[in-house]
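As a basis for the values below, the full set of heavy atoms in this structure was taken, side chains included, without hydrogen atoms, waters or symmetry mates. Letters A, B, ... mirror the listed sequences (proteins, then strands); counts begin at 1.
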Amino acid sequence: NIQKITKSMQMVAAAKYVPEDKNKYLLIGVSSDRGLCGAIHSSIAKQMKSKVATLTAVGKEVMLVGISDKMRGVLYRTHSDQFLVAFKELRRKPPTFGDVSVIALELLNSGCEFDDGTINFNQFRSVISYKTEEKSIFSLNTIANAESMSIYDVDADVLQNYQEYNLANSIYYSLKGSTTSEQSARMTAMDNTSKNASEIIDELTLTFNCTHQAVITKELTEIIFGAVALD
Amino acid sequence: MPPSPVGDPGVFFNGANVRQVDVPTLTGAFGILAAHVPTLQVLRPGLVVVHAEDGTTSKYFVSSGSIAVNADSSVQLLAEEAVTLDMLDLGAAKANLEKAQAELLGAADEATRAEIQIRIEANEALVKALE
């Protein structure tokens with residue numbers, strides 16, 4: 001009967017169906033273009049390098065995106081073949097959504113199809129501490145196939161809009177956290193440097209005074225001896 | 001029903017309970033009450049009206065963004081830009097609208113036409129909201 005035919009067709013199709021391997025991973029690293037801010041850049045690079053190693057070990061193809069010149073510099077030496085795109089010359093003023101739109105658009109237009117991804121950035125905790133964190137980003141497929149998505153009444157193009165907007169928002173969130181962390185880290189680093197400089201100045205002043213006095217004493221001694229010798 | 005609209009300048013509502021939210025979307029404007037069907041929509045430039053539980057309304061103009069109505073009646077409205085109406089100038093909106101309409105006549109390719117069309121719609125919505 002028909003039911004037997006359709007059931008066997010379903011089994012044949014299921015046997016032939018090979019789910020596409022989810023193995024393209026996008027890693028975005030966020031820091032800034034300027035230095036003198038402590039371990040801001042290196043902490044991200046460290047986390048990303050270990051993540052690349054872990055992912056490559058399980059067979060995923062990793063693509064890197066560097067947001068900021070320092071990010072690109074730190075990772076390019078060892079992972080240049082995995083670089084998708086890098087952004088630099090972010091404004092020195094706080095990031096706006098407009099800046100982020102440019103980045104998100106470039107990512108979406110780069111033609112890179114990824115299955116999963118994370119943004120690695122420094123999240124601000126307090127004036128003296130920040131934490132290197134990851135934020136997940138999702139591809140259109142991941143969102144569309146999510147379990148909870150089935151209860152939503154939604155059109156296909158709305159979903160694409162949603163994914164793109166979500167991507168931009170995630171980058172915005174991480175950029176804001178990153179710049180705040182960077183400012184506080186630079187404040188601490190420069191404060192410490194100033195303190196160290198003060199200490200060095202004090203030490204050098206002491207050394208200078210001692211040396212100065214020693215020279216004067218020596219000259220005085222010579223003059224006095226000379227005067228005594230002439231008597 | 002707790003919504004949490006977030007605009008670029010900041011957060012207007014965070015976990016507040018309200019009675020109804022009117023939103024302008026690409027598929028039309030609709031009002032959201034408690035127990036609305038869960039949905040995701042894309043915002044278009046227009047007026048968002050929040051009806052508080054005591055009946056007072058607050059109006060905001062949003063540029064674009066997304067809105068999610070969840071199964072537990074919570075609403076997240078994320079707008080790229082959201083401002084209260086007193087931050088907008090009707091005269092400037094009308095002038096921009098006329099300028100955009102004039103530019104449409106001289107537009108060359110599809111992409112430019114689409115961009116100008118979006119500007120016209122945004123300015124029309126601005127004018128309508130302020131009048």
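- Within 6.0 Å of atom NZ in B:K94, 12 or fewer heavy atoms from other residues, nucleotides or ligands are found, so the atom counts as exposed in its surroundings.
- Residue contact with chain B, scored on non-hydrogen atoms closer than 4.5 Å, is absent for A:D157.
- Crowding of A:Y76 atom OH: a count of heavy atoms from other residues, nucleotides or ligands under 6.0 Å not exceeding 12.
- Here the side chains of A:Y152 and B:N70 are in contact, with some heavy-atom distance below 4.5 Å.
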Next on the checklist: Run A:V158 and B:T25 through side chain to side chain contact (heavy atoms under 4.5 Å, CB included) and show every step you take.
Outcome noted: CA-CA 10 Å; A:V158 166; B:T25 72; over 6 Å; no
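- Neither the backbone nor the side chain of A:N166 comes within less than 4.5 Å of any heavy atom in chain B.
- The 12-atom threshold is not exceeded at CD of A:Q3, counting heavy atoms of other residues, nucleotides or ligands nearer than 6.0 Å.
- A 6.0 Å sphere centred on CD1 of A:I128 holds no more than 12 heavy atoms belonging to other residues, nucleotides or ligands.
- The CG atom of A:D153 sits 7.0 Å away from the CD atom of B:Q41 when rounded to the nearest 0.5 Å.
- Counting only distance, with no hydrogens or angles, the side chain of A:Y165 and the backbone of B:V42 share no donor-acceptor pair below 3.5 Å.
- Between B:A71 and A:I151, the closest heavy-atom pair is CB-CD1, 3.7 Å.
- Within a 6.0 Å sphere centred on CZ of B:R113, heavy atoms belonging to other residues, nucleotides or ligands number 12 at most.
- The number of heavy atoms from other shown groups lying within 6.0 Å of CD (B:Q101) is above 12.
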